[in-house]
Amino acid sequence: MALLAAAAARRLPRILRLLKPHHFTTASSSPFFGESESSAPVWEQQSPVRTPPDVQFAAWVTRLRPGFSACDLADAINSEQDPDLALALFRWAALRPGFRHAPASYLAALNAAASGKRPVAAENLIQDVLAGACPPDLQLFNACLRFCCDRRSLFPIAFDMFNKMRALPASAACRPNVETYTLLLSTVVRRVRRPPASLVYLHAVRSLSRQMKASGVVPDTYLLNLIIKAYGRCLEIDDALKVFREMPLYGCEPNEFTYGYIVKAMFQKGRTEKGLEYLKEMREKEFVPSGGVYMSAVAALALEWRFEESREVLLDMLDCKRMPDMITYRTLLEELCRATRTEDAFELLEELKERKRVALDQRMYSELLGGLHWISQPQQNSLPRRDRGSDERDSGD
């Protein structure tokens, strides 16, 4: 009876609100509940968090039998598609005498808030978990880390959660595992771009790598690739090669991403010979590099006037259906002209145009052809008009 009375009391204001026109009223509408005909149009501001219907909430309360456990509540929250109703059940259960939330119910509520796009509710749940509102659980901690790592403003909370996991005793079975380090390193590596600004995040990568080794966590190939990627972006070739050589110790085999990060970093660093060796080793294992790796190799070899090798890499790139950009084509062709091999540059351009697979389009061909004609002109014809006129006046004097 008390439950029915409370439900009726909550429905009464709701019925009165439904009787009143919320969304839009005009001057031609009839007066209602004392409103004047000349009242201004009114729009009701929608709230991002919606109050669940009382009928559905009462149905769920009735379905949960007296003495329900945290696992029963977690099943009810997981089976509910409405995130607001699921969070209302979670809050209602916390007020029940003698009931205490378990990690399963917190995990279900966090998943409901994250999937239902309720970031404020999810952040409150994470703060409760961080404060120790429920017993420690590895799956729950990793779920909190995943939510924090996906949002830039919550990244410091992710490291607070990580430090809490490290401080727990080994008997709690909540120490960081492979998933924990993968989540943190993925977030850090996304911020690593170019040195020297990325050196700040590189320190975090080194620190996480040392802690992972000290705790005895055995990484997988994806995790090691993240570390190699961070070192490669910062052009720390020796550190990247060190992790590359340690991969067999963990039972991991390098893949196309592993070789791609190392090869691209070597060509960008200027270690062209070693980069070409790893590129050939990569192709011998039938790994296909990405377009960025191919373009770095073509440009680096062309700038060192190793044209035959650069041409071979370019043709191999086209055979693998990787499309170079305009800068890559121009670098190779213009360096051929600067090396007084203009005829070879025009022949290569015509060969690229006549290819059946990944051929040049007409716009790109016209731009490259015009650039070759301009750069192959004699030096005196390419001077500005003012400089030529000044030279004539000087010679007349």
Worksheet item: Could you go step by step and tell me if Ser296 and Gln268 meet the side chain to side chain contact (heavy atoms under 4.5 Å, CB included) rule?
Response: CA-CA 7 Å; Ser296 298; Gln268 291 177 349; 4.2 Å; yes
Give the C-alpha distance, both sets of side-chain angles, the deciding distance and a yes or no for side chain to side chain contact (heavy atoms under 4.5 Å, CB included) between Met326 and Met364.
CA-CA 7 Å; Met326 179 65 73; Met364 188 176 291; 3.3 Å; yes
Candidate pair Asp319 and Arg355, rule salt bridge (charged side-chain N to carboxylate O under 4.0 Å, His left out), full reasoning:
CA-CA 10 Å; Asp319 292 336; Arg355 287 182 61 88; 2.6 Å; yes
### Message
One pair to check against side chain to side chain contact (heavy atoms under 4.5 Å, CB included): Val288 and Met282. What are the steps and the verdict?
### Response
CA-CA 8 Å; Val288 179; Met282 180 181 184; over 6 Å; no
query: What's the verdict on side chain to side chain contact (heavy atoms under 4.5 Å, CB included) for Phe141 and Lys164, showing C-alpha distance, side-chain angles and the deciding distance?
result: CA-CA 9 Å; Phe141 286 164; Lys164 179 181 177 64; 4.1 Å; yes
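No donor-acceptor pair closer than 3.5 Å links the side chain of Ser105 to the backbone N or O of His101. Put simply, the side chain of Thr182 gets close to the backbone of Val178: a donor and an acceptor are under 3.5 Å apart. For the pair Asn163 (side chain) and Asp160 (backbone), a donor-acceptor distance under 3.5 Å is absent. Remark: side-chain polar atoms of Ser366 are paired, donor with acceptor, to backbone N or O of Gln362 under 3.5 angstrom. Without hydrogens or angle criteria, Arg118 side chain to Gly116 main chain gives a donor-acceptor distance under 3.5 Å. Within the 3.5 Å criterion, the main-chain N or O of Val189 finds a donor-acceptor partner in the side chain of Arg233. Looking only at distances, a side-chain donor or acceptor of Ser215 sits under 3.5 Å from a matching main-chain atom of Gln211.
Nearest heavy-atom pair, Cys252 versus Thr221, reported as atom, atom and distance to 0.1 Å: CB-OG1, 3.4 Å. Shown here for Cys134 and Val129, the closest heavy-atom pair between the two residues is SG-CG2, 4.4 Å. Smallest separation of non-hydrogen atoms from Leu154 and Cys148: O-CB, 3.4 Å. Heavy atoms only, all atoms of each residue included: Val217 and Pro176 are closest at CG2-O, 3.5 Å. The minimum heavy-atom distance between Cys174 and Pro136, with the atom names listed, is SG-C, 3.6 Å. Minimum interatomic distance between Val188 and Ala204 (heavy atoms only, all atoms of both residues): CG1-CB, 4.2 Å.
Here the CZ atom belonging to Phe267 is positioned 5.0 Å from the CG atom belonging to Leu276, to the nearest 0.5 angstrom. Annotation: the span from Thr180 atom OG1 to Asn142 atom CG amounts to 3.5 Å, rounded to 0.5 Å. Once rounded to the nearest 0.5 Å, the distance linking OG1 of Thr342 with NE2 of His373 reads 11.0 Å. The distance from atom CZ of Arg322 to atom CG of Asp316, rounded to the nearest 0.5 Å, is 10.5 Å. Rounding to the nearest 0.5 Å gives a distance of 15.5 Å between NZ of Lys242 and CD1 of Ile237. Interatomic distance, Cys320 SG to Arg283 CZ, rounded to the nearest 0.5 Å: 4.0 Å.
Between Arg338 and Glu334 there is a salt bridge, since at least one side-chain N of the basic residue sits less than 4.0 Å from a carboxylate O of the acidic one. Contact check on Arg330 versus Asp325 returns no salt bridge, with no Lys/Arg side-chain nitrogen under 4.0 Å from an Asp/Glu carboxylate oxygen. Salt-bridge check for Asp344 with Arg311: failed, with every basic side-chain N at 4.0 Å or more from each acidic carboxylate O. Salt bridge annotation for Lys353-Glu350: absent, with no cationic side-chain nitrogen under 4.0 angstrom from a carboxylate oxygen. Electrostatic pairing of Lys280 and Glu277 does not count as a salt bridge here, judged by no charged N lying under 4.0 Å from a carboxylate O. Using a 4.0 Å cut-off between charged nitrogen and carboxylate oxygen, Arg341 and Glu347 do not count as a salt-bridge pair.
Judged purely by distance below 3.5 Å, without hydrogens or angles, the side chains of Asn78 and Asn111 never pair a donor atom with an acceptor atom. A side-chain N or O of Lys285 and one of Tyr259 form a donor-acceptor pair less than 3.5 Å apart. For Tyr261 and Glu256, the side-chain atoms include no donor-acceptor pair closer than 3.5 Å.
Classified by interplanar angle (parallel below 30°, tilted 30° to 60°, perpendicular above 60°), the ring pair Phe159/Phe155 is perpendicular.
In the hydrophobic clustering of this structure, Leu303 does not group with Leu336; members are Ile, Leu, Val, Met, Phe, Trp, Tyr whose side-chain heavy atoms approach within less than 4.5 Å, directly or through other members. Phe244 and Phe287 end up in the same hydrophobic cluster when Ile, Leu, Val, Met, Phe, Trp and Tyr side chains are linked at under 4.5 Å. Residues Leu368 and Ile327 do not share a hydrophobic cluster, defined by chaining ILVMFWY side chains whose heavy atoms lie under 4.5 Å apart.
Counting heavy atoms from C-beta on, the side chains of Tyr329 and Leu349 never come closer than 4.5 Å. By the 4.5 Å heavy-atom criterion applied to side chains, Arg175 and Leu138 are not counted as neighbours. The closest side-chain heavy-atom distance from Val263 to Pro289 is not below 4.5 Å. For the pair Met247/Pro254, a side-chain contact is recorded, criterion being any heavy-atom separation below 4.5 Å from C-beta on. Within the 4.5 Å cutoff, the side chain of Asp239 has heavy atoms near those of the Arg206 side chain. Leu314 is listed as a side-chain neighbour of Leu352, based on a closest heavy-atom distance under 4.5 Å. Side-chain atoms of Pro103 and Pro135, non-hydrogen and from C-beta on, do get closer than 4.5 Å to each other. Leu241 has its side chain within reach of Tyr278: a pair of non-hydrogen atoms, C-beta onward, lies under 4.5 Å apart.
In Phe99, the CZ atom is crowded: over 12 heavy atoms of neighbouring residues, nucleotides or ligands sit closer than 6.0 Å. In the displayed structure, Glu343 atom CD is contacted under 6.0 Å by at most 12 heavy atoms of other residues, nucleotides or ligands. Counting non-hydrogen atoms of other residues, nucleotides and ligands closer than 6.0 Å to CD of Glu281 gives a total above 12. The environment of OH in Tyr250 is crowded: more than 12 heavy-atom neighbours from other residues, nucleotides or ligands sit within 6.0 Å.
Shown are Leu318, Leu332, Val293, Val298; of these, the side chain to side chain contact (heavy atoms under 4.5 Å, CB included) with Val313 is made only by Val298. Of the listed residues (Glu273, Glu335, Glu312), just one forms a side chain to side chain donor-acceptor pair (under 3.5 Å) with Arg306, and that residue is Glu273.
Pairs passing the side-chain hydrogen bond (donor to acceptor under 3.5 Å, both in side chains) check and including a residue from residues 145-159, sequence neighbours excluded, read Arg146-Glu179.
Checked against a 6.0 Å centroid threshold, the rings of Phe90 and Tyr106 count as neighbours. Checked against the 6.0 Å centroid threshold, Tyr181 and Phe162 count as a close aromatic pair.
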